[in-house]
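For the numbers below, each heavy atom of this structure counts, side chains included, while hydrogens, waters and symmetry mates do not.
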Amino acid sequence: MPKLKTKSSVKKRFKLTGSGKIKRNFAFRSHNLSKRSTTMKRTNRGSTILDKSNEKMIRPMMPYAK
């Protein structure tokens with residue numbers, strides 16, 4: 001059985017928490033921030049847990065994440 005490849009884009013964008021959930025950052029934080037509201041910029045500062053429906057799609061792309 002050959003090794004499975006991890007999707008490079010997933011490797012850069014997602015991390016696993018200690019309990020095995022997938023953590024992600026918020027989008028829309030790189031440029032054109034002058035037209036975005038302060039509230040949006042503040043809310044998107046941190047990270048959040050990926051919801052279950054998207055986790056089913058991302059999990060197969062990172063086969064060796066525990």
> Residues sharing Leu4's hydrophobic cluster, by side-chain heavy-atom contacts under 4.5 Å among ILVMFWY, directly or via others?
Replying inline: Tyr64
> Are Phe26 and Phe28 linked, directly or through other ILVMFWY residues, by side chains that come within less than 4.5 angstrom of each other?
Replying inline: no
> With sequence neighbours left out, which residue pairs that include part of residues 1-11 fulfil the side-chain hydrogen bond (donor to acceptor under 3.5 Å, both in side chains) condition?
Replying inline: none
> For the residue pair Pro63 and Pro60, what are the closest heavy atoms and their distance?
Replying inline: CD-O, 3.9 Å
>> Take a 6.0 Å sphere around CZ of Arg29 and say whether it holds more than 12 heavy atoms from other residues, nucleotides or ligands.
In response: yes
> Measuring from Asn25:CG to Lys15:NZ, what's the distance to the nearest 0.5 Å?
Replying inline: 9.0 Å
> What pairs with Ser19 under side-chain hydrogen bond (donor to acceptor under 3.5 Å, both in side chains), at least two apart in sequence or on another chain?
Replying inline: Thr17
>> If the condition is side-chain hydrogen bond (donor to acceptor under 3.5 Å, both in side chains), which residues does Arg59 pass it with, not counting sequence neighbours?
In response: Glu55
With a cut-off of 3.5 Å and sequence neighbours excluded, list every side-chain donor-acceptor pair involving residues 33-54.
unit_1 : atom_1 : unit_2 : atom_2 : d
Ser37  : OG     : Met40  : N      : 3.1
Lys41  : NZ     : Leu33  : O      : 3.2
Thr43  : OG1    : Thr39  : O      : 2.6
Asn44  : ND2    : Ala27  : O      : 3.4
Asp51  : OD1    : Asn54  : ND2    : 3.4
Asp51  : OD2    : Ser53  : OG     : 2.7

> Of all residues at least two apart in sequence or in a different chain, which pass the salt bridge (Lys or Arg N to Asp or Glu O under 4.0 Å) check with Arg24?
Replying inline: none
